[in-house]
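Comments concern the structure below.
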Protein chains: 2
Amino acid sequence: MPARKGNPGDPTTRNALLDAAQHVMCTEGYAAATTRRVASEAGVNSALVSYYFGSLDGMFIALFRRGAERSFERLGQALGSPQPLWGFWDLIHDRSNSTSTMEFIALANHREVIRDEIADYSRRFRRAQLDSLTQVLQRYGVDPDELPASVVILGLSSLSRFMLIEEAFGVDVGHKETEAKVEDFIRRLEGERCPSPT
Amino acid sequence: MPARKGNPGDPTTRNALLDAAQHVMCTEGYAAATTRRVASEAGVNSALVSYYFGSLDGMFIALFRRGAERSFERLGQALGSPQPLWGFWDLIHDRSNSTSTMEFIALANHREVIRDEIADYSRRFRRAQLDSLTQVLQRYGVDPDELPASVVILGLSSLSRFMLIEEAFGVDVGHKETEAKVEDFIRRLEGERCPSPT
DNA sequence: GTCTATAGCTGGATAGAC
DNA sequence: GTCTATCCAGCTATAGAC
């Protein structure tokens, strides 16, 4: 189950390295996440990246997995809440995940191990979404021929990611209207958004 | 109007360099598009990258602009055709542009000049889409309060890009159904897709 | 225009001291 | 566990020959 090789070591330092890697990656792009840069951001020596993760690839995979596990947990919570559609929309519409996802996609373009990792995770994630939202929509009386759960999932996910990317560039033409339409749609099925009691 | 600096030089070599850059970028990621790698792919010496574009950034900008100009032309053709919605959908659903767009977005994350370039272009592109599709939808009798042109544009663009990215990873759960729904939507407004006479 | 050569960096990974 | 020191590879950009 380890990313590749590397030592168990001190989880504090290990996490500090992953935190640093995430930060550098999101603010300056994956190419800036070098061993030296990440280690210096974490306040430790660059040799520790090899020690903990075996290689840079190992570090990226460990980072991706950590994020994926967190996302998967949050997906479960969102879909199990009293307002699964609102929960889902809020989850994928979370800005903090978007940048890092984009970087991993670009990274995957030329690192095979990363690509495989993301593909696996995406399928698992999508399956969970489909299983859950199929039941939810049925409960709401939505005709699955008229509007399949897969279309709802892909529609919400893609709109959310697209707008987040554009906003990162300072482009937001038409976003207000589109967001309003999405929220109208959810509201019709699930009622007004209630603040989560957590 | 030049990207930055650089010499006019031989347009054949210049284009060969841009072609090579595009190829390397799409197949191995932007980080692989180094002066040496690109020049060697183009069959010339790496010093020519500096000669033609002044710097690597200059090369990326020149490459982006070349692609943007082509896309802008094609957008005009698509939106001016007898079936603007089909034309638009086919244009954005073109696989060959998707990879390169993704790389530029990632690149922009840590190269300011690239980010500015993309932001400018995106706004211009969106404006043209909005101006044109607003009229088209009106002609089709679509109520702009019910379904604003901006929502149609963002919806189609985001779905298309999202699915193309996923397919690049070998993930296509739910794509068939979603594509079918999109095409139903266009068909209702614009009729069966007619093969372009060109 | 296109080349060779090179200066000056920065990178990943590892050996070995502590 | 964490460090220093180091090897070697690869990069950008430029000077100058042809």
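Just so we're clear, the structure is a prediction, and the values are computed from it rather than from any experiment. Below, chains carry the letters A, B, ... as their sequence lines are ordered, and counting in each starts from 1.
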Please determine whether a side-chain nitrogen or oxygen atom of [X] lies at a distance below 4.0 Å from atom OP1 or OP2 of [N].
X: A:T35; N: C:dG11; value: no
X: A:T13; N: D:dG1; value: no
X: A:N7; N: D:dG1; value: no
X: A:Y51; N: C:dA13; value: no

Nearest-nucleotide 5' precedence on DNA chain C, A:R37 against B:P8: B:P8
When A:R36 and B:G43 are each assigned the nearest nucleotide of DNA chain C, the 5'-most assignment goes to B:G43
Using heavy atoms to find the nearest nucleotide of DNA chain D for A:L48 and B:S46 separately, return the residue whose nucleotide is more 5′. A:L48
Assert: residue with more 5' nearest nucleotide on DNA chain D, out of A:V44 and B:N45, is A:V44
What nucleotide among [options] has an atom nearest to a side-chain atom of [X]?
X: A:D10; options: D:dC11, D:dT14, D:dG1; result: D:dG1
X: A:A47; options: D:dC3, C:dG11, C:dT4; result: D:dC3
X: A:Y52; options: D:dT2, D:dT4, D:dT6; result: D:dT2

Is it true that B:Q129 and B:R126 share a donor-acceptor pair across their side chains at a distance under 3.5 Å? yes
Could you verify whether a donor N or O on one side chain and an acceptor N or O on the other, from A:E103 and B:N109, lie under 3.5 Å apart? yes
Working to the nearest 0.5 Å, report the span between CZ of B:F53 and CZ of B:F60. 11.0 Å
Would you indicate what A:V49 reaches in the nucleic acid, counting non-hydrogen atoms under 4.0 angstrom: base, sugar-phosphate, or nothing? nothing
May I ask you to say what B:S50 touches in the nucleic acid, namely base, sugar-phosphate or nothing, with a heavy-atom cut-off under 4.0 Å? base
Is it true that B:H110 and B:Y30 have ring centroids separated by less than 6.0 Å? yes
How close or far is atom C1' of C:dT14 from atom CZ of A:F53, stated in whole angstroms? 17 Å
